[in-house]
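Below is one structure, written out as structure tokens; comments come after it.
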Amino acid sequence: MSVDTTVETSSVFGVHVPQPRQHGAAGGVMRRLNFGTGLIGGVALATIAGWGTAILTPSSASNATFAPMEPTYVYLAVLLGWVIGFMLGIGAFVGPLRWVVGSDITHADAEYMGGKDLGKKRYWKYTTDHKVVGIQYLIVTMLLLGFAGLLAMLIRTELGMTWTELFSPSFYNSMIGTHGIAMILAMIVAVTGPLGNFIVPMMIGARDMAYPRLNALSLWLFVAAVPMLISSMFMGGIQDGWSVYQPLASQAPVGMLGYQLTIIVFAISTAIASVNLMTTILTMRAKGMTWSRTPIFVYGIFASSLMGLYAFPFFQYAQILGLSDRVFGTSFFNPLNGGSVWLYENLFWLLGHPEVYVIIIPSAAIALELMPVFLRKPLFSFNFAVAGIVGVVALSGFVWAHHMYMTGWAPAANYPFMLSTEMISIPVGFLVLVAIGTLWRGTTWTRLPLMAVYAVIFNKMIGGVTGIYLSDVPADQYFHGSMFVVAHFHFMLMGAGLFGGMAGIAFFFPKMTGRILDERIGSIGLWTSFIGFQVTFISMFVAGLQGQPRRVLDFDSQFNISNWISTIGAYVIGIGMLIFLAAIITSWRSGDVASSNPWGSKSLEWQTATPVPLENFPVLPVVTERPYNYGVPDPYEAELDAIDADLAEKVGNK
Amino acid sequence: MKKFLVTLVTVLLGGAIVAGVGVFNSVRQEEPPVLVANVVGTKKAPSGEEMPHAELYLDVYPNSSSKVPQPNTPSPINNVLLAGQPFYHPSTSLQVPAHSLVTIHFRQFDGGGQIYNPYFSQVHGTVDGTMKWNGKEVTEIKPDQVGHTFTVHQYPESDQPYFFMSIPLPMNKANAKTDKAGYPVDPQTISVTFMTGEAGSYVWNCEFPCGDMYQEFGGPMQTRGWMAGTFDVVEA
Amino acid sequence: MSTDTLNPQTPEEPEAPTNRPPSMRRVTLWLRRPYARRVLILTVVIGFLLLPLCWLILAGMNQTGAPASEIMKDIEQTVFVFTLVSIPITAFVFAVLLYSLLGWRRVTGDEPPMQDSPAIRTNTIGVILWTATSSILAMFLVVWGLIELAQITANSYGSISANEQPGQSKSEIINVTGQQWVWTFEYPQHDGLTSDVLYLPLDRPVYFNVTSKDVIHSFWAVELGVKIDANPGAITQTGVTANKLGTFNVRCAELCGMYHAYMQTEIRVLEQDAFDSWVRESGGKKTS
Amino acid sequence: MIVADVAGTIALVISYTYLWSLNVNGGWAPPGSSLTAEQTNSSIPSTPPVASFAAEGPFWAIFLVVVLATALMWFGYRSARRGNQAGLILGAGLSFLVTVAALVFQWIQISTFPFGAGDGSYASAVLLLCASNIFHLFLLIFIGMGIFMRARKGLIDKTNWYQAQAASYYMTWVSVAFILGAILTTFLVVSPNTDPAIFGTFTQQ
């Protein structure tokens, strides 16, 4: 969308586009908009909308049957007002409107939006520079993670205090729902947001994303979505778990609207970000960067974007249908009037399982990306890593019903879905093979990022093995809906996903902030949370084996011990995460200044200066060799050749 | 050194935030004050044995009005969201003595209709399996004339006795004479007597769909202080 | 140990494709290397350390009296076998993780180390071996799962509608209704007798028709290994034969609103006589 | 400037997947409607809806209108490729007007349905199809207006035509979306499931 139509950005369809004539004046209202005006706009429009709706809706006194709906309409209006007002206030609609009337943004304005000469202020604006967007994503994600982590601590506190009800059941239920969805959203963007935006364009040797303004749009839509989710906590909350199965969701308090609108907005944001990333990766790789020369992390991000792109609309439409059930009284999911609860489950899990891989694959790719750097040897069997990712993507669309083994929906479908689900362990196994192959005989440079990678592999192994139990229908008949499932997906999403994100942050920190992440404090944080993590979730496995259902506030006293241990572990995780956070904060403020390539990496993003200049590279790089060209030629190669020659000679002599 | 100080501060601050939010929400939880059934004498159990006897008085109102009781709950948000919904009064957190006969007297001011599951239009778990409805003993009422139910059920503890009790509260006719506040002048009166065993914690809720949203089972049906609550049996 | 990679005398791993004739010889050469042997030993050690898990898992599952049915026994068998099968591969990965930290050369410090790791780009034997192993294991698990699933389905007749269930005269049919937040059980063969506790006769097949009056619940008879969702607007079927006397648990396994945690009741498995007398006392007529 | 192809790409992909998911819906809604008719013997109080099926004619009519708009856009795009600026402006402008007309038709159709939102799942599904149509039409109006204005200002011409191309492709897709809706509402009306489960009760033993 940017108007500085350098050849790179506008040759998307393979056509050279000349610099267009400039229409419209530079400057204008756009330059004065920032996060503050966004907030003002959002709050103002929300207030107006809510107030207007409250007046227009027949009041409860005059129409008793209508009364329960009034908060629904008002809250809906407030939320919609917030989103539109916020996006208006931050200036998201300026570009499209000017496009329609044909007076495009001038070159000077485009540079202004790119954050030129803005200093720190650019982080508060609708900035199109991918590096600024990456940092913004990082901050927002960390805030959301903190919020969801806070809820996690409260949940574990409640479950640890088995002798009393610390919170009322409604509040507890809304906590688990909000924790779940906030974590899922945060984890979905945790890698693709900050690292995908900041690193990928540099890694492939591009100046920016393909559509810089869409980049900003996706970020600010995400920012607009988050407050809605949090606000729902105060409106009765999401009392239905993160999956908000219908029709329970249509019974919930009005807070459910917050969830539904969050998902709808978030899905738009994800779709935009995905298209952007995919287009960038497809069209803007540096000269000479063929597919076999593209780093594995780029593959991971691409795969994740692709899955996000096709999976999220299902979720979005599930929520739109749910919203329409609630607000307009339609009956998609209301069995009383011919709706089907299985429809929701299908739509939901059509998202639900690909989404897990949306989270896992980037972190796995980070792990694989980091290992060559710290082991100083090439990635083992690059083709296999790609094959693994491709396999996961290909299969991910065909496994959704393994969440529905026990729903009674088409029992006969259990057989094929069991097959496809267990098949997916083969491509995942490829990734593990690549990891251990890269470890094989390598000299380990034991720095913080590599340690996080070890944690990822360890957790992923446990998560993967327990996943096989759950993919198997007979075992799932016992484990479905129990704490075992909770422990399993925490091992995958948190153990592999979040620790992978930590590895990525630790690794790319010097490039993103210009400073080194404090090794000692970071390591303490990492290992504390790792140990706490094992304690928490392994004892949660035990609770699941004993037969504790998930999402319960109270449980039989036979589960007490495993829950107490689990709670203690959770506190340890919390402390570890806070220490890691402290490492980030202190290093960001006053860490050691990093050189441009502190890890001695060979990939493109480290070849440019730190801090990264506005357009990344003074001269666009040209790639001439495969990635991960580390290590010395294997000394045994020659030896083996000698053996071969020797043998050949012997064979020949015979 | 300074770095470690910052780390310590971060951890303490994080812990403080968690604790603060936890305590705040714990204090603010939507629990009405506990209504205790005190032992007032003894009564003869069906086995002929004299047992301590306690009494409780509960009312069910169709909606709150300025003249009459309000739902007894500390949550201002719920008071807004659930305005005009039926509720139990004076409290939904009940406490009764163990090893006793307990009598609960209900006054039911609300209307009603068809219940989903006829099982809950029968009386379960009381002494003799009966309840006294406007003076006469009944074991069940018509499923299409239920106003509310008072259904106590199991708490997930295996080391406390199984306890289940369900009483239907018949509805008032739509044309019943009402006072100025809109409540029937002669509410349905129901009293039931049941025996408690060992101490334990249970929950109770209404099984008649009288809330809002899907299946009329949302809102007050899922909020303590309205149509659901706790039921503790404690050693005297 | 850390000098392995630097020791030129050590025979080394093959790098070249396997289409050269002496690949078996390469494998034996490879096995002679100290690090290879150590990793394998470590694998075996870790494997043996993990082995008790097989039984520990079952101990956890049996804590409340399971298995009380043939289905639960099948489930436990499956879990046992799966644990057994996953142990070698887990042990191998953990061994490599451990050995790469402790065994191969390790550097710390702020500067990027010298590039002295061997540039292994791929290893066809290893790749093929891994792929074959993981595929075979996955296939084994799939086949095992399919067989067990078929067996469980046969035991529960989950996919056959109530009217067509075999041995209907001898079997007990129970209509399970989930409702926020109470389970009720109806015995249609006994005059529509209803109960809030699930009474089951010992050693007789029981068929459940499960539905819900409002939202989705999940009927989980924990120690019997039976789980099926109770869906509004649909009837799901499953079944079981309880083969152990005692008191077991029914829990709801699908979040169903505020009192989801309290949506529990008991299963009482009784001898046939006791069951009959319970039926008589509760007002249903005996038909079986 | 790139908005067009971006919006095109995104909306293309989104609506692709989205209508795909709706397909699930559309196939499923008629069974729902037959279920509601038999529901009267349920023990749960319900008011059986009085839904009748919508006439399929209007769906096809609106579809044809959209096809016309698409054809006009293609004509405009082709003209631009040939350097015929007047043709481009004509095509884009007419396409824009026809889209507005389609929106009006769509609105008339919705307001004359023989059912409301609460009348069972068939009604819900049909209404949602129409809602998605409206959403699409709004997008088209936005894009059409943009193309038209930009064509007038000369921002789209012989050398710089890919926005018009993207818009044309996108409109083609929207036509497909419309025909999907029309097919669903024409051919998948009566449910094949004549013995559905009845809510909350057990079938007689």
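Proteins come first, then strands; the chains are lettered A, B, ... in the order of their sequence lines, and each starts at number 1.
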### Task
Could you tell me which of L150(A), L581(A), I585(A), T586(A) has the largest number of non-hydrogen atom pairs under 4.5 Å with chain B?
L150(A)

### Task
Classify the side-chain pair Q548(A)/N563(A) by whether it contains a donor and acceptor separated by less than 3.5 Å.
yes

### Max heavy-atom pair count under 4.5 Å with chain B, selected residue of P253(A), S557(A), S587(A), G146(A)
S557(A)

### Query
If we ignore angles and hydrogens, is there a donor and acceptor under 3.5 Å between the side chains of Y571(A) and T157(A)?
yes

### Residue L8(B) versus chain A: region with a heavy atom under 4.5 Å
neither

Validation: residues 142-150 of chain B side-chain donor-acceptor distances under 3.5 Å, sequence neighbours left out:
| unit_1 | atom_1 | unit_2 | atom_2 | d |
| --- | --- | --- | --- | --- |
| H148(B) | NE2 | D110(B) | OD2 | 2.8 |
| T149(B) | OG1 | T151(B) | OG1 | 3.0 |
| T149(B) | OG1 | E207(B) | N | 2.8 |

### Message
I'd like to check L94(B) versus V34(B) (side-chain heavy atoms, cut-off strictly below 4.5 Å). Are they in contact?
### Response
no

### Summary
With chain B, the option among G525(A), S250(A), S590(A) that has the most non-hydrogen atom pairs under 4.5 Å is S250(A)

### Message
Within the supplied structure, the quantity of interest is the number of heavy atoms (other residues, nucleotides, ligands) at a distance under 6.0 Å from I561(A) CD1; does it exceed 12?
### Response
no

### Summary
Interface check, chain B: of D554(A), D325(A), N173(A), most non-hydrogen pairs under 4.5 Å belong to D554(A)

### Task
Go through the atoms of L151(A) and report whether side chain, backbone, both or neither lie under 4.5 Å from a heavy atom of chain B.
neither

### Query
Side chains of Q319(A) and Y344(A): do they bring a donor and an acceptor to under 3.5 Å?
yes

### Query
Heavy-atom distance under 4.5 Å to chain B: side chain of I575(A), backbone, both or neither?
both

### Task
Check step by step if side chain to side chain contact (heavy atoms under 4.5 Å, CB included) holds for Y75(A) and S231(A).
CA-CA 10 Å; Y75(A) 188 45; S231(A) 80; 2.8 Å; yes

### Message
Less than 4.5 Å to any heavy atom of chain B: does that hold for the side chain of R520(A), its backbone, both, or neither?
### Response
side chain

### Portion of D518(A) that has a non-hydrogen atom of chain B nearer than 4.5 angstrom
side chain

